[in-house]
Amino acid sequence: MKLDMTSLRALFVGDRHADRVVPPSGFTAQLTLFAAAAMAFLAVFALALSLAAGRLAERWGDELARSATIRIVAPLDQRVAQTEAALRILETTRGVASSRALSDAEQQELLAPWFGSELALDTLPVPRLIEVIEDADGMDPAGLRLRLAAEVPGAVLDDHSRWREPLVKAASRLRLLGWVAIVLIGAAVAAMITLAAHAALAANAQVIGVLRLIGATDDYIALAFIRRFTLRALSGAVAGTVLGMIAMMLLPSTSEVGGFLTGLGFRGAHWLLPLCIPLLAGGVAFLATRGAAKRTLRELA
């Protein structure tokens with residue numbers, strides 16, 4: 001089936017005679033509207049998940065790549081001296097923007113989720129932690145480890161590489177999962193609309209036969225079904241997208257609670273991306289109905 005400019009105009013403007021071929025209501029109309037709205041609603045969340053995972057991967061990669069930790073594992077009577085020695089080394093290390101030893105209160109706060117807030121650090125052999133922030137050029141971890149081994153035997157450098165790589169990989173795979181979900185949603189919409197179009201065409205087999213007898217071409221008949229189902233899917237997707245965006249607005253902001261799940265909302269220009277979902281749904285409906293109409297009309301010939 002070929003679509004010329006006249007056919008395209010009829011697709012958007014409509015033909016009241018051709019529209020009578022497709023029943024305006026009934027099971028197929030409800031199925032198409034509901035499927036398009038539900039899938040568009042889910043697509044908004046899948047898109048938000050993918051974008052949030054991408055932001056998370058970038059944030060984790062940047063933050064962990066620019067930071068490192070030094071643990072001073074030494075006897076209590078040597079811990080202060082070795083901590084000061086490590087800080088002096090860091091002051092002369094290229095690529096280190098800043099460094100500081102965490103206070104007892106800060107370390108106690110870090111350990112509180114596991115050991116409770118009443119933990120007494122002075123009675124336990126808890127290593128002293130030194131936070132290291134790298135500059136834009138970055139530092140040489142291997143060289144720093146050699147200097148620490150020579151001058152501060154109780155120092156252990158952790159450049160977060162073993163933590164960063166799995167976290168960034170997990171976030172990247174989560175982003176890919178979001179895009180895969182969007183593709184599957186589009187495939188589900190196409191399948192449901194194809195079934196609905198087949199059902200509508202089969203239910204109107206006698207009407208199609210009469211139209212052929214009076215001279216209607218298959219392109220004319222198919223265009224009527226394509227227009228009706230495309231507009232149904234487009235209107236349903238618009239409703240589902242609007243509801244999805246409203247639901248995203250109602251999610252708590254990151255500043256209120258924090259964490260990944262509260263960062264699912266769109267940011268800035270990303271709010272424009274969900275507006276593409278109805279257009280994609282309409283395109284999927286157009287292609288699915290077109291294919292279904294061609295096959296069914298051949299079968300009814």
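The first residue of the sequence shown is numbered 1, and numbering continues consecutively from there.
When all heavy atoms are compared, the tightest approach of Ala288 to Thr194 is CB-OG1, 3.4 Å. Pairing each heavy atom of Trp179 with each of Ser50, the nearest pair is NE1-OG, 2.7 Å. Across Val189 and Ala35, no two heavy atoms sit closer than the pair CG2-O, 4.4 Å. Scanning all heavy atoms of the two residues, the minimum distance from Ser103 to Arg128 falls at C-NH1, 3.7 Å. The nearest pair of heavy atoms linking Ala233 to Ala36 is O-CB, 3.3 Å.
Between the side chain of Thr230 and the main chain of Ile226, a donor-acceptor pair closer than 3.5 Å is present. Looking only at distances, no side-chain donor or acceptor of Arg71 sits under 3.5 Å from a matching main-chain atom of Val156.
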Begin with the C-alpha distance, continue with both residues' side-chain angles, and end with the deciding distance and a verdict on salt bridge (charged side-chain N to carboxylate O under 4.0 Å, His left out) for Glu134 and Arg94.
CA-CA 9 Å; Glu134 303 179 32; Arg94 179 179 299 176; over 6 Å; no
Trace of the side-chain contact (heavy atoms from CB on, under 4.5 Å) decision for Met245 with Leu250
CA-CA 9 Å; Met245 294 179 70; Leu250 296 178; over 6 Å; no
Yes or no on side-chain contact (heavy atoms from CB on, under 4.5 Å) for Ile133 and Glu131, after CA distance, side-chain angles and deciding distance?
CA-CA 7 Å; Ile133 304 298; Glu131 180 186 50; 4.1 Å; yes
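Residues Val238 and Val284 do not share a hydrophobic cluster, clusters being chains of Ile/Leu/Val/Met/Phe/Trp/Tyr side chains in contact below 4.5 Å. Hydrophobic clustering (side-chain heavy atoms under 4.5 Å, transitive across Ile, Leu, Val, Met, Phe, Trp, Tyr) keeps Phe286 apart from Leu234. One hydrophobic cluster, built from ILVMFWY side chains closer than 4.5 Å, holds both Phe45 and Phe266. No chain of hydrophobic side-chain contacts below 4.5 Å, direct or via other Ile, Leu, Val, Met, Phe, Trp or Tyr residues, connects Val44 to Leu279. Val242 and Met39 fall into different hydrophobic clusters, defined by Ile, Leu, Val, Met, Phe, Trp and Tyr side-chain heavy atoms under 4.5 Å apart, directly or through other members.
Considering OG1 of Thr241 and CD1 of Ile277, their distance stands at 4.5 Å, rounded to 0.5 Å. In this structure, NE2 in His198 is found 4.5 Å from CZ in Arg295, a value given to the nearest 0.5 Å.
Looking only at side-chain heavy atoms (C-beta outward), Leu51 and Leu273 come within less than 4.5 Å of each other. Inter-residue side-chain proximity for Leu275 and Leu272 is flagged as met; some heavy-atom pair is nearer than 4.5 Å. Side-chain contact check for Leu33 versus Ser235: some heavy-atom pair is nearer than 4.5 Å. The shortest side-chain heavy-atom distance between Thr32 and Gln30 does not fall under the 4.5 Å cut-off. By the 4.5 Å heavy-atom criterion applied to side chains, Trp271 and Met249 are counted as neighbours. Side-chain atoms of Pro274 and Met248, non-hydrogen and from C-beta on, never get closer than 4.5 Å to each other. Side-chain contact between Gln78 and Thr83: absent, with no pair of heavy atoms (C-beta onward) separated by less than 4.5 Å. Side chains of Gln82 and Glu151 form no contact here, defined as non-hydrogen atoms less than 4.5 Å apart.
A 6.0 Å sphere centred on CZ of Arg100 holds more than 12 heavy atoms belonging to other residues, nucleotides or ligands.
Glu84 meets the salt bridge (Lys or Arg N to Asp or Glu O under 4.0 Å) test with no other residue; sequence neighbours excluded.
In the hydrophobic clustering, Val132 connects to Ile70, Ile72, Leu87, Ile89, Leu90, Val96, Ile130, Met139, Leu144, Leu148, Val152, Leu157, either directly or through intervening members, whenever side-chain heavy atoms lie under 4.5 Å apart.
Annotation: cation-pi pair Arg228/Phe225 absent, no NZ/CZ under 6.0 Å from the ring centroid and within 45° of its normal.
In this structure, a donor-acceptor pair under 3.5 Å is absent between the side chains of Thr93 and Arg88.
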